[in-house]
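Below you'll find the structure, written out as structure tokens, and then a few comments.
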Amino acid sequence: MNSTSAKILYVRLPCNPIFPIGAVYLADHIHKCFPHIQQRIFDLGTVPPLEFDQALDTVIDQFQPTLLVFSWRDIQIYAPVGGRGGNPLQNAFEFYYAKNPLVRLRGALGGLKVTSAYYGELWRNQRLIRRGLARSQRYNPEAYAVVGGGAVSVFYEQMQHRFPKGTIISVGEGETLLEKLIRGQSIADERCYRIGETTPRDRLIHEAPTPLEKTACNYDYIAQIWPEFDYYLQTDDFYIGVQTKRGCPHNCCYCVYTVVEGKQVRINPADEVVKEMQQLYNRGIRNFWFTDAQFIPARRYIDDAVELLEKIVASGMTDIHWAAYIRADNLTPQLCDLMVQTGMNYFEIGITSGSQELVRKMRMGYNLRTVLQNCRDLRAAGFDALVSVNYSFNVIDETHETIRQTIAYHRELEAIFGADKVEPAIFFIGLQPHTHLEGYALNQGILKPDYDPMSVMPWTARKLLWNPEPLGSFFGEVCLQAWQRNPHDFGREVMAILEERLGKAPLEAALSAPIDGTGESIRKELVALR
Ligand code: B12
Ligand code: SF4
């Protein structure tokens, strides 16, 4: 296929209606490189499930693509929230930990529902890709598919046997890969492999992405190639994605973002980000999600964040709101003022634990004392909205004492922002491939080298849903009690029960991290896995 005859169809595979920013950015990039190429975006996130096949057929019959770009956002479902087939965490915990046989049975049945929904979605997406490809080949026998996106980036090794020969599986950002494919250049240096011809290279995901300077997405063009774009403009419910940078330099032991996006932080120029936001603003958008792995990945990026927020102020977009993942150890009073001034009305801090000792062992590079001070600055700057604090209990070396410390830390955050404003999001780590924690589990013999990270069969899921003994059953029981007592405020209830049972440490104990032998040896083991 040469660049003049290419017709590219971007299919965002079924997903909760989160703005399909990945497919939009790819189409924008290709348009900037090859303005004459015909493109079309088709978002199955906006189509009712019963109409998936029909809608896909129709768009292919109309557009007759030569290249199908399938964007697959998410697969994994371990979350304490109502997932697509029910609350997966609750089902799993009822099944694993409930003493009452009826509750266990309910967990088993719920788990079955979630599991079948999960496998159903996997098969459905595979089928949609095959179907789309076969139908396109009726019009253009040379047509082929490239599959990428967040889900594929995490599980790229497991994708080898799922799609037809010749399909390209891509890891991380796809702009330069698509560009090379269209130019007919070698893709050997890109983070991808072609099914039936190559297998994924060892540590492919750890390779650095090809550098790229991002410019403002051209939404006039996007509106032309995406007839359903308006879907996301009609209500105020959506936070539309805008990326301000790529990459995260940290090494948190359970996190895969840092390998998906790479460790090298690449800043999108502030003027370009603001230009992009203004285009959306002019279309009526007022809510933005800065989709960065971290909005302020480290102290040396504070100036970039300040520059961006100052330019947002200067742009006159005074009635917007925005949200992001924020490492709250990297705030300054100036940045706090700007965050409030530019309308930040929600942020997530993934501190994981309120015990400095554990934060250090998980290699998160946080100073919890600094986080508290910065939160005080943010409150003093007038921040009065919701903060979601993500806690993942029982990752490494959790003890009753570290739980007491987490309670103390959480209560201090409540004292700063107000108890109604601080939402404890209780996660258990869903162990992901290519993380240090996976390496640790393999080393310890908890997982076998041939385990399937995509399996949600109970015997695998029990290990991937990281909640090891000796405290695993205790947390299981606490969570079950919380769902029973107050299912609508699960996080706060878990904190209340933990405090009732174990009490609260002095805040100072939470903030200091003694070096002890055991923890150090685990830390060294994790370091050795780098
Ligand atoms: C920001 C973010 C969110 C925000 C989104 C806000 C918003 N309005 O957009 C919020 C907090 C809401 C969120 C929620 C969830 N998220 Co999230 N999220 C992310 C994050 C950090 C960035 C995604 C993003 O938009 N990036 C910017 C855009 C431009 O990149 P992109 O979409 O990935 O597209 C690029 C590449 O992927 C690639 N690409 C995309 N498609 C294709 C196709 C082809 C063919 C090619 C070649 C390339 C390609 O090129 C694009 C441009 O560079 C990623 C992790 C990460 N660092 O990537 C997780 C991630 C996408 N999320 C993930 C998950 C699981 C979820 C949840 C389902 C979690 C849960 N269990 O509740 C929920 C979904 C909630 C729901 N309602 O359904 C997973 C998905 C993979 C998986 N494990 O299944 C990821 C990868 C994180 C992880 N832990 O693994 N998320
Ligand atoms: S958890 Fe956050 S800070 Fe840590 S590596 Fe992942 S994205 Fe970076």
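Bear in mind the structure is a predicted one, so any value in this text is a computation, not a measurement. When a ligand or atom number is given, it counts from 1 through the structure's own listing order.
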Run Y10 and F70 through ring pair (Phe, Tyr, Trp, His ring centres under 6.0 Å) and show every step you take.
CA-CA 6 Å; Y10 298 84; F70 287 101; over 10 Å; no
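- Among all non-hydrogen protein atoms, the one lying nearest atom 8 (Fe) of ligand 2 is C248 SG, 2.3 Å.
- Ligand 1 has a nitrogen or oxygen under 3.5 angstrom from a nitrogen or oxygen of Q432.
- Using a 4.0 Å cut-off between heavy atoms, V154 contacts ligand 1 through its side chain alone, with no backbone atom that close.
- Numbered from 1 in the order shown, with element, the atoms of ligand 1 that lie under 4.0 Å from a heavy atom of V147 read 45 (C).
- At least one N or O atom of N16, backbone or side chain, sits closer than 3.5 Å to an N or O atom of ligand 1.
- Residue contacts with ligand 1 for R246 involve side-chain atoms from C-beta outward but no N, CA, C or O (heavy atoms, distance under 4.0 Å).
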- Query: Yes or no on side-chain contact (heavy atoms from CB on, under 4.5 Å) for V265 and R246, after CA distance, side-chain angles and deciding distance?
  - Reply: CA-CA 6 Å; V265 177; R246 298 180 174 193; over 6 Å; no
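- Close approach to I75 involves these atoms of ligand 1, each under 4.0 Å from a residue heavy atom: 82 (C), 84 (O).
- Between R162 and L122, some side-chain heavy-atom pair lies under the 4.5 Å cut-off.
- Of the N or O atoms in F70, none lie within a sub-3.5 Å distance of an N or O in ligand 1.
- Counting heavy atoms from C-beta on, the side chains of K180 and S186 never come closer than 4.5 Å.
- In terms of protein heavy-atom proximity, atom 4 (Fe) of ligand 2 is nearest to C252 SG, 2.3 Å.
- Comparing G22, A323, P209, G172 by heavy-atom distance to atom 38 (C) of ligand 1, the nearest is G172.
- Atom 2 (Fe) of ligand 2 has as its closest protein heavy atom Q294 NE2, 2.9 Å.
- Close approach of ligand 1 to Y325 is summarised as follows: ligand atoms under 4.0 Å from at least one heavy atom of the residue are 3 (C), 11 (C), 21 (C), 91 (N).
- Contacts of I18 with ligand 1, taken as heavy-atom pairs under 4.0 Å, involve the side chain alone.
- Look at A151 and you'll find a heavy atom under 4.0 Å from some atom of ligand 1.
- Between K214 and the choices E272, E276, E175, the salt bridge (charged side-chain N to carboxylate O under 4.0 Å, His left out) rule is met once, by E276.
- The shortest N/O to N/O separation between D292 and ligand 1 does not fall below 3.5 Å.
- By heavy-atom distance, the residue among P433, P20, G45, G174 lying nearest atom 48 (C) of ligand 1 is G174.
- Of all the atoms in ligand 1, the ones that sit under 4.0 Å from a non-hydrogen atom of V69 are 43 (C), 44 (C), 45 (C).
- Atom CG of D189 has 12 or fewer neighbouring heavy atoms from other residues, nucleotides or ligands inside a 6.0 Å radius.
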Exercise for the section: In sequence, state the C-alpha distance, the side-chain angles, and the governing distance for R286 and H321, and then conclude on side-chain hydrogen bond (donor to acceptor under 3.5 Å, both in side chains). Expected result: CA-CA 6 Å; R286 294 293 178 268; H321 288 124; over 6 Å; no
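- Among protein heavy atoms, atom 3 (S) of ligand 2 sits closest to R327 NH1, 3.3 Å.
- Each of the atoms 7 (S) of ligand 2 lies under 4.0 Å from some heavy atom of Y257.
- An N or O contact shorter than 3.5 Å is missing between W72 and ligand 1 by distance.
- Ring-centre distance between Y156 and H434: below the 6.0 Å cut-off.
- Aromatic rings from H410 and Y391 are positioned such that their centres are separated by under 6.0 Å.
- In this structure, F295 has its ring center no closer than 6.0 Å to that of F347.
- Judged by distance alone, the side chains of N467 and N394 do bring a donor and an acceptor atom under 3.5 Å apart.
- Around CD of Q185, the count of heavy atoms belonging to other residues, nucleotides or ligands within 6.0 Å exceeds 12.
- If you look at L26 next to ligand 1, the close heavy atoms, those under 4.0 Å, all belong to the side chain.
- The only option from I41, L9, L26 that meets the side chain to side chain contact (heavy atoms under 4.5 Å, CB included) definition with V69 turns out to be L26.
- For atom 6 (Fe) of ligand 2, the closest heavy atom belonging to the protein is C255 SG, 2.3 Å.
- The backbone N or O of K7 sits less than 3.5 Å from a side-chain atom of T66, completing a donor-acceptor pair.
- Note on ring orientation: taking the six-membered ring where Trp is involved, the planes of W289 and Y346 are tilted (angle from 30° to 60°).
- Within the structure, the closest approach of R12 to ligand 1 does not fall below 4.0 Å when heavy atoms are considered.
- Counting only heavy atoms from C-beta outward, the side chains of V24 and Y219 approach each other to under 4.5 Å.
- Looking at A27, G148, A293 and measuring to atom 44 (C) of ligand 1, the nearest heavy atom belongs to G148.
- Counting heavy atoms under 4.0 Å from ligand 1, residue V256 touches it through the side chain alone.
- Not one N or O of S170 is nearer than 3.5 Å to an N or O of ligand 1, by distance alone.
- Between E261 and ligand 1, an N or O atom pair is found at a separation short of 3.5 Å.
- Here's the thing with W289: none of its N/O atoms is less than 3.5 angstrom from an N/O atom of ligand 1.
- In this structure, a donor-acceptor pair under 3.5 Å is absent between the side chains of Q39 and H31.
- The aromatic rings of F290 and W322 sit tilted, their planes meeting at an angle between 30° and 60°.
- For ligand 1, the atoms closer than 4.0 angstrom to any heavy atom of E175 are 52 (C), 53 (O).
- At a 4.0 Å heavy-atom cut-off, ligand 1 touches R73 through backbone and side chain alike.
- Atoms of ligand 1 found under 4.0 Å from any heavy atom of V146 (numbered from 1 in listed order, with element): 45 (C), 47 (C).
- For F19, no nitrogen or oxygen atom sits less than 3.5 Å from a nitrogen or oxygen atom of ligand 1, counting backbone and side chain alike.
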